[in-house]
Amino acid sequence: MASYKVMCVLTLLTAECLSQLDAVDCGQAPLNTRLLGGSSEVTDGEWPWMASLQKDGRHVCGGTLVDEDSVLSSADCVSSSPTASDWTVVLGRLKQNGSNPFEVTLNVTDITLSNQTGSHAAVLRLETPPTLSNYIQPICVDHGRTFSVGSTCWAAGWSSGAGGEEQVLQEIQTSVVDCEDTRSDSVCTEALTLEQGFSGGPLMCHQDGSWFLAGVLTAENKLTSGPKGAQGKNQRELLPWFQHH
């Protein structure tokens with residue numbers, strides 16, 4: 001069981017990048033009805049921006065569709081093999097093992113790793129944009145948006161240790177809490193117990209009728225066991241390198 005922290009990634013997007021993101025409707029999940037509740041298996045279309053990063057046909061990490069042709073993940077997932085042709089991205093997937101009638105598999109043409117100390121984020125550019133539907137949609141990424149204490153958020157991901165033989169996508173509800181022993185510009189959540197396959201996936205919060213990306217899950221210590229709250233770093237430190245996308 002790995003402990004996890006969350007990288008917040010929102011406020012560094014430049015006006016140029018935001019204009020590209022705003023050109024597409026975002027954060028809408030018509031098939032998602034679970035704004036209340038705890039951990040659960042997911043059904044088709046609940047998290048339509050969820051991506052599976054695959055190498056040699058196997059799930060390695062999660063990711064989040066943030067634009068028609070861009071997936072955001074943790075740099076830890078791809079740093080050991082940053083060659084774009086080594087990777088594919090699967091969107092619209094529910095089960096790692098089993099039938100997925102709404103999924104598409106897309107090649108990756110470029111991987112950009114953050115060069116900012118401590119940020120550990122990566123953007124994968126897709127060869128072709130997917131056809132958007134109730135099962136494939138980008139999440140919203142909003143410059144300057146904050147997530148106050150008490151905000152309800154969700155993490156999602158796949159794991160070989162959860163979801164049964166089919167490894168169905170898992171979701172976990174959590175809340176933003178006051179940070180202890182961290183800088184005042186951090187974001188922290190209630191304790192989460194997540195498995196390694198969740199790395200790179202999203203922390204998502206619902207505000208103003210849409211879903212927003214609050215952070216990216218990244219393994220903090222693979223040897224640490226038990227639940228641990230997620231911590232988010234100040235967004236201003238994380239994605240200045242994303243401005244050319």
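Along the sequence shown, residues carry numbers from 1. Quick caveat: nothing in here was measured; it's all calculated off a predicted structure.
Annotation: the span from Ile111 atom CD1 to Leu53 atom CG amounts to 8.0 Å, rounded to 0.5 Å. Taking CD of Glu190 as the start and CD1 of Ile172 as the end, the distance is 12.0 Å to the nearest 0.5 Å. To the nearest 0.5 Å, the span separating CG on Leu72 from OG1 on Thr112 amounts to 11.0 Å. Expressed to the nearest 0.5 Å, how far CD of Glu171 lies from CZ of Phe198 amounts to 9.5 Å. The distance from the OG atom of Ser52 to the CZ atom of Arg58 is 11.0 Å, given to the nearest 0.5 Å. Atom CG in Leu213 sits 7.5 Å away from atom CZ in Phe147 (nearest 0.5 Å).
Each of Asp67, Leu132, Val66 was compared with Pro138 under the side chain to side chain contact (heavy atoms under 4.5 Å, CB included) criterion, and only Leu132 meets it.
Within the 4.5 Å cutoff, the side chain of Trp211 has heavy atoms near those of the Asn32 side chain. Using a 4.5 Å cut-off on side-chain heavy atoms (C-beta onward), Cys153 and Met204 make no contact. For the pair Gln54 and Gln96, the minimum side-chain heavy-atom distance is below 4.5 Å.
Residue Val42 is grouped with residue Trp49 when hydrophobic side chains (ILVMFWY) are merged at heavy-atom distances under 4.5 angstrom, including chains of intermediate members. With hydrophobic clusters built from ILVMFWY side chains whose heavy atoms lie under 4.5 angstrom apart, Ile136 shares a cluster with Met50. Hydrophobic clustering (ILVMFWY, side-chain heavy atoms < 4.5 Å, transitive): Val60 and Leu169 are in one cluster. Leu65 and Leu106 fall within the same hydrophobic cluster, defined by Ile, Leu, Val, Met, Phe, Trp and Tyr side-chain heavy atoms under 4.5 Å apart, directly or through other members. Transitive grouping of hydrophobic side chains (ILVMFWY, heavy atoms separated by less than 4.5 Å) brings Val123 and Leu113 into a common cluster.
Using a distance-only test at 3.5 Å, with no hydrogens or angles considered, no donor-acceptor pair links the side chain of Gln167 to the main chain of Gly98. The backbone N or O of Gly201 lies less than 3.5 Å from no partner atom in the side chain of Ser74, so there is not a single donor-acceptor pair. One N or O on the side chain of Ser133 and one on the backbone of Tyr135 form a donor-acceptor pair closer than 3.5 Å.
In terms of heavy atoms, Cys61 sits closest to Ser73 at CB-OG, 4.4 Å. Here the closest non-hydrogen pair linking Pro30 and Asn134 is CG-OD1, 3.5 Å. Among all heavy-atom pairs drawn from Val90 and Glu103, the shortest one is CG1-OE1, 3.7 Å. The two residues Cys205 and Ala214 make their nearest non-hydrogen contact at SG-CB, 3.7 Å. Nearest heavy atoms, Pro130 versus Leu126: CD-CD1, 4.3 Å. For the pair Ser210 and Cys26, the tightest heavy-atom approach, listed with the atom from each and the gap, is OG-O, 4.1 Å.
Ring geometry, Trp47 versus Trp154: the interplanar angle falls from 30° to 60°, so the pair is classed tilted. Note on ring orientation: taking the six-membered ring where Trp is involved, the planes of Trp158 and His59 are perpendicular (angle over 60°, cut-offs 30° and 60°).
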Derivation of the side chain to side chain contact (heavy atoms under 4.5 Å, CB included) call for Thr64 and Val141: CA-CA 11 Å; Thr64 310; Val141 182; over 6 Å; no

Steps toward side chain to side chain contact (heavy atoms under 4.5 Å, CB included) verdict (Trp87, Ser81): CA-CA 9 Å; Trp87 295 89; Ser81 182; 4.1 Å; yes

Full working for side chain to side chain contact (heavy atoms under 4.5 Å, CB included) between Leu31 and Thr43: CA-CA 9 Å; Leu31 302 180; Thr43 57; over 6 Å; no

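Take Asn107 and apply the side-chain hydrogen bond (donor to acceptor under 3.5 Å, both in side chains) test, not counting sequence neighbours, and it matches Glu127.
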